[in-house]
Asker: 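What follows is a structure written as structure tokens; I'll ask about it next.
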Amino acid sequence: MTNDALVTIARNHSNIIRFCLCIIKPQNPVTLEPLDTGFGAIIQHCKELWQLSLSDLLTDRVFEYIRVHAKKLEMLSLAFPGDNHLDLHYLLSGVRASASWRLETAPLAMTVRSLWMPDCSVTLKIIEQLSKKICLAMAMSKISLRKCNGILSISFFHISYSSSSSSSSSYSRSCKVKGRVVLNFEKLKCLDDAVTLFHQMVTMKPLPSVVDFSKLFNNMIKMKHYSAVLSLFRQMQKLGIPISDFILSSMINSYCLMHRADFGFSVLPIYLKNGIPFNNVTFTTLIRGIFAENKVKDAAELFKKLVREKICDPDEIMYATVMNGLSKRGHTQKTLSLLRLMEQGNTEPNIYIYSIVIDALCKDGNLDAAINILNEMKQKDIPPNIVTYNSIIDGLCKLGQWEKVKTLFSEMVNLNMYPDVRTFNILTDGLCKEGKVEDAEEVMKHMVEKGVEPNVITYNVIMDGYCLCGQLDRARGIFDILIDKGIEPDIFSYNILTDGLCKEGKVEDAEEVMKHMVEKGVEPNVITYNVIMDGYCLCGQLDRARRIFDILIDNGIEPDIFSYNILINGYCKKKKLTKAMQLFREVSHKGLKPDIVTYNTILQGLFEVGRIGVAKQLFVEMVSTGPVPNLSIYHTLLDGYFKYGLVEEAMSLFNKLEKNKENIDIESYNIIINGLCKNGELDKAHTIFQKLSSMGLLLDVRIYTTMITGFCLQGLLDEAKDMLRKMEENGCFPNNVTYNVIVRGYLRCRKINEMVTLMKEMTGRGFSFDTTTAKLLVKEISENPSILDMIPELHTEKKK
DNA sequence: TTAGGGTTAG
């Protein structure tokens, strides 16, 4: 691949790739300084894009953070043993803090966690040192910063310290084979080990091979010390140690795993400078990184460019990466097209490719298509494996097609392929979601008999099953079994339990669980907080919900759209629309997008308090910049319009929907009929009601009840009663609401005899008066006590 | 003999 070609991609592409141009000078790329130039450009980029200056760094908020996070910073102090040993490096590590600054402690400090001593004077010293270091580091131009939507991320890490200061580690006992040191990377336990080994390696004579360095880096990546890998690589560059394509792709991968694919591109000029050709791994890694940031369009564009301009010849892995990236983000059709493209080209689809396509189709519930692909691959002599079967079984379970699940199970076993822990987990999950938790427990017994050990997911699934059907004690029991078995509960286990507790209104208990998980070293995530917030909102304790939201932010966790939806809903239910709107605006400022639920919640809230103008404005805004309105949104609008007597507006919207052949359902008609009745348009309502059956819609108890309510409202009790009889003839049985509505109708018209007749009928069917009816009855009796004598049942009740 | 790929749990 030529430099020109790369530059062409960069020029014609998105910001990320165009950013490459800062680094790759088309005229003479070889004269470029490698990474430093890259960093210089990145710093420039940060300054220009995020308008950051030194004074931004040393604000009160830093000190506030330091106060709150003194514990972490104290550890950090130990990472400042003296001058020259340390280098502060701010990196865009993906550590974010909203409303507060977050300092990621030095990995070195992590290793001295046990030495932590809380003491204010120490903290002050750190602040002093810290500010010096920050200036120093700035001066050294080794800082990169990120400020986006008011969020600043800083990550510290330790990039060089003397090897002599380190304690001897197990891996240092390396042996020599034919004069060359054999390094044991298996024994690396922590970052400290890795960094020490690196420093030993660079002083060895002869120098370890590039393969050894590569192994070291990959071990560090496995330990998730991405920024440290990049830092050591910089050291390597400075020392002039030879590098390879393997090392460079690991650097790109480190950036990508930090969710900074854009910086991944900054590695490309190092290839150029060292005369190392790009290969498929280079681009596959980048594509995967771009997908990881959900930039589907960018990733797909890059892939298309690479293919179209013959920059590389994609292999199965590159195809798999692109297809997986697309399919996991809902682009099943595009994934399928790529399969067909592969079939026409030189690269034969393999089992991985087919599994991706099959899984995507299954996730869409398109099991027929999935099974067709399964048969296609069988015909091509590519035997499906356990993964393929697991995907299909999962799809079938989710559709409740248990017979087909059985068929597939026996098909697998006939092929000598035995269900694994995932297969059983899929099965237990399917059963639990259908409420058959006892059957799921049977499956668990069965798997043990078959020698497949349940894992934390098995237990989580069953716990969730019991929570879903309100059997919280049983869920707790499963949790205890999990502990007894020596399986570590994970974040899901705790979240399921907190969710179960919150749904039962035991939010304080849920908070206890949260405390407990922290003690056990499992950090609550955004879902934990969301669940508890929702719990408090559900029981009307909005202040407590808000408190949880603030704690979430203080702990440096990014609220997601669910967090906002929960809180906005809480405020709307309490009719605090100003607060709700504030939060709604905050969503966009935080770089999140309001979703359909956000809009629906806030629209409902606005209509509830009568702020119709704002609601209309918001709908206009939604149509132009938000998600495509769905039926729920239209229902909210229709309901809102009718509520405030805006019949014409409601009907014109409704006619538009009908004309556009939107999927209007029985619920839509229910809203229309109810709205018309409440606005004195009974005839219009009845006309619409009458045409429903001929439209092929199945009338349900709700719509009959709405129509009956309409008749009662006008005092047309005979019509109401006729409707009651008619619905039964049509096989739709009245429920408690239906009877109560009609009873109230009779009561209002003082038709007590008729009411009593109906009352007998309803009690005979196991129904009873609801509170509204009971209140009305009391009111009527107080105004006209003679009613009492006409209700024999009530009379005897009273005597008792 | 060191780099990039597929399945589960809110």
Side-chain angles (χ1 to χ4, degrees), chain A residues 183 185 208-219 221-222 229 243-254 256-257 264 279-289 291 312 314-325 327-328 335 349-360 362-363 384-395 397-398 419-430 432-433 454-465 467-468 489-500 502-503 525-531 534 560 562:
Chain A
L183 297 158
F185 297 98
S209 72
V210 68
V211 175
D212 285 325
F213 281 103
S214 187
K215 279 183 185 169
L216 173 67
F217 290 153
N218 292 322
N219 270 296
I221 290 174
K222 274 185 204 138
V229 167
I243 53 166
S244 68
D245 47 354
F246 282 73
I247 294 211
L248 290 182
S249 55
S250 297
M251 294 313 121
I252 297 179
N253 201 22
S254 296
C256 289
L257 292 168
N279 60 25
N280 277 350
V281 181
T282 318
F283 295 115
T284 304
T285 311
L286 277 169
I287 290 172
R288 189 173 145 77
F291 269 124
C312 64
D315 56 12
E316 297 98 325
I317 299 182
M318 192 182 276
Y319 271 110
T321 306
V322 175
M323 290 166 79
N324 189 42
S327 71
K328 289 287 179 296
T335 312
N350 61 12
I351 176 79
Y352 291 114
I353 300 285
Y354 279 111
S355 293
I356 292 166
V357 176
I358 287 176
D359 189 60
C362 289
K363 289 273 180 326
N385 63 12
I386 182 84
V387 177
T388 331
Y389 276 104
N390 281 349
S391 285
I392 296 183
I393 291 174
D394 187 45
C397 284
K398 292 217 160 71
D420 63 3
V421 64
R422 288 173 197 267
T423 326
F424 284 114
N425 286 349
I426 288 164
L427 209 59
T428 37
D429 186 48
C432 285
K433 291 281 180 325
N455 62 11
V456 64
I457 296 169
T458 326
Y459 289 100
N460 286 349
V461 160
I462 294 179
M463 258 166 59
D464 196 37
C467 285
L468 282 175
D490 62 8
I491 182 79
F492 287 93
S493 326
Y494 288 109
N495 284 350
I496 289 166
L497 212 57
T498 35
D499 193 37
C502 287
K503 293 271 184 323
N525 63 8
V526 65
I527 297 164
T528 326
Y529 289 99
N530 285 351
V531 161
D534 199 29
D560 61 12
F562 287 87

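Lettering follows sequence order; numbering is per chain, from 1.
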Asker: Could you list by number each residue of residues 245-253 of chain A showing a heavy-atom separation from DNA chain B of less than 4.0 Å, or answer none if no residue does?
Answerer: Asp245(A), Phe246(A), Ser249(A), Asn253(A)
Asker: Hey, does the side-chain of Asn385(A) have a donor or acceptor N/O within less than 3.5 Å of a partner on the base of dG6(B)?
Answerer: yes
Asker: Just checking Arg422(A): base, sugar-phosphate only, or nothing, at a heavy-atom cut-off of under 4.0 Å?
Answerer: base
Asker: Check the geometry between Tyr352(A) and dG6(B) and answer yes if their rings are stacked (centres below 5.5 Å, planes below 30°), otherwise no.
Answerer: no
Asker: Look at all strands and tell whether Asn460(A) reaches a base, only sugar-phosphate, or nothing, counting heavy atoms closer than 4.0 Å.
Answerer: base
Asker: Arg288(A) CZ to dG5(B) C1': how many Å, rounded?
Answerer: 8 Å
Asker: Figure out the CG/C1' separation between Asp490(A) and dT8(B), and round it to whole Å.
Answerer: 11 Å
Asker: In this structure, how many angstroms lie between the P atom of dA3(B) and the CD1 atom of Ile243(A), rounded?
Answerer: 17 Å
Asker: Asn280(A) near the nucleic acid: base, sugar-phosphate alone, or nothing, with a heavy-atom cut-off under 4.0 Å?
Answerer: base
Asker: Could you walk me through whether Phe424(A) and Thr458(A) pass side-chain contact (heavy atoms from CB on, under 4.5 Å), step by step?
Answerer: CA-CA 8 Å; Phe424(A) 284 114; Thr458(A) 326; over 6 Å; no
Asker: If you take all heavy atoms of Leu286(A) and Cys256(A), which pair is closest and at what distance?
Answerer: CA-SG, 4.2 Å
Asker: With a non-hydrogen cut-off below 4.0 angstrom, is Asn425(A) in contact with a base, only sugar-phosphate, or nothing?
Answerer: base
Asker: Is there a side-chain contact (heavy atoms from CB on, under 4.5 Å) between Cys467(A) and Asp499(A) once you walk through the steps?
Answerer: CA-CA 8 Å; Cys467(A) 285; Asp499(A) 193 37; over 6 Å; no
Asker: Please determine if a side-chain N or O atom of Lys222(A) lies less than 4.0 Å away from the OP1 or OP2 oxygen of dA3(B).
Answerer: no
Asker: Among dT2(B), dG6(B), dG4(B), find the nucleotide with the atom closest to the side chain of Thr284(A).
Answerer: dG4(B)
Asker: Looking only at non-hydrogen atoms, find the nearest pair between Ser249(A) and Val281(A) and report the distance.
Answerer: CB-CG1, 3.8 Å
Asker: Just call it for Ile356(A): base, sugar-phosphate, or nothing, with non-hydrogen atoms closer than 4.0 Å on any strand.
Answerer: sugar-phosphate
Asker: Choose from dA3(B), dG4(B), dT7(B) the nucleotide whose nearest atom is closest to any side-chain atom of Ser391(A).
Answerer: dT7(B)
Asker: Could you go through Tyr354(A) and Thr388(A), starting from their C-alpha distance and side-chain angles, then the distance that decides it, and tell me whether this counts as side-chain contact (heavy atoms from CB on, under 4.5 Å)?
Answerer: CA-CA 8 Å; Tyr354(A) 279 111; Thr388(A) 331; 5.8 Å; no
Asker: Who are the side chain to side chain contact (heavy atoms under 4.5 Å, CB included) partners of Asn350(A), not counting sequence neighbours?
Answerer: Glu316(A), Tyr352(A), Ile353(A)
Asker: Select base, sugar-phosphate, or nothing to describe what Asp464(A) touches, counting heavy atoms under 4.0 Å on all strands.
Answerer: sugar-phosphate
Asker: Look at all strands and tell whether Lys503(A) reaches a base, only sugar-phosphate, or nothing, counting heavy atoms closer than 4.0 Å.
Answerer: nothing
Asker: Looking only at side chains, do Ser250(A) and Asn218(A) share a donor and an acceptor under 3.5 Å apart?
Answerer: yes
Asker: Determine whether any donor atom in the side chain of Thr321(A) lies under 3.5 Å from an acceptor atom in the base of dG5(B), or the reverse, and answer yes or no.
Answerer: no
Asker: Between dT8(B), dA3(B), dG5(B), which nucleotide gets closest to the side-chain atoms of Ala320(A)?
Answerer: dG5(B)
Asker: Could you state the atom-to-atom distance from CD1 of Ile351(A) to C1' of dG5(B) in whole Å?
Answerer: 13 Å
Asker: What pairs with Ile386(A) under side chain to side chain contact (heavy atoms under 4.5 Å, CB included), at least two apart in sequence or on another chain?
Answerer: Asn390(A), Met412(A), Met417(A), Asp420(A), Thr423(A)
Asker: Name the closest nucleotide to the Glu316(A) side chain, picking from dG4(B), dT2(B), dG5(B).
Answerer: dG5(B)
Asker: Between dT2(B), dT7(B), dG4(B), which nucleotide gets closest to the side-chain atoms of Lys328(A)?
Answerer: dT7(B)
Asker: Have a look at Ser493(A) and tell me which of Asp464(A), Asn460(A), Ile457(A) forms a side chain to side chain contact (heavy atoms under 4.5 Å, CB included) with it.
Answerer: Asn460(A)
Asker: Atom CD1 of Ile457(A) to atom P of dT7(B): distance rounded to whole Å?
Answerer: 13 Å
Asker: Looking only at N and O atoms, is any donor in the side chain of Asn495(A) or the base of dA9(B) less than 3.5 Å from an acceptor on the other one?
Answerer: no
Asker: At under 4.0 Å between heavy atoms, what does Asp420(A) touch on the DNA or RNA strands: base, sugar-phosphate, or nothing?
Answerer: nothing
Asker: From CG of Asp212(A) over to P of dA3(B), roughly how many Å is that when rounded to an integer?
Answerer: 13 Å
Asker: Which whole-number value in Å describes the distance from Ile317(A) CD1 to dA3(B) C1'?
Answerer: 10 Å
Asker: Can you tell me the distance, in whole Å, between the CZ atom of Phe217(A) and the P atom of dG4(B)?
Answerer: 15 Å
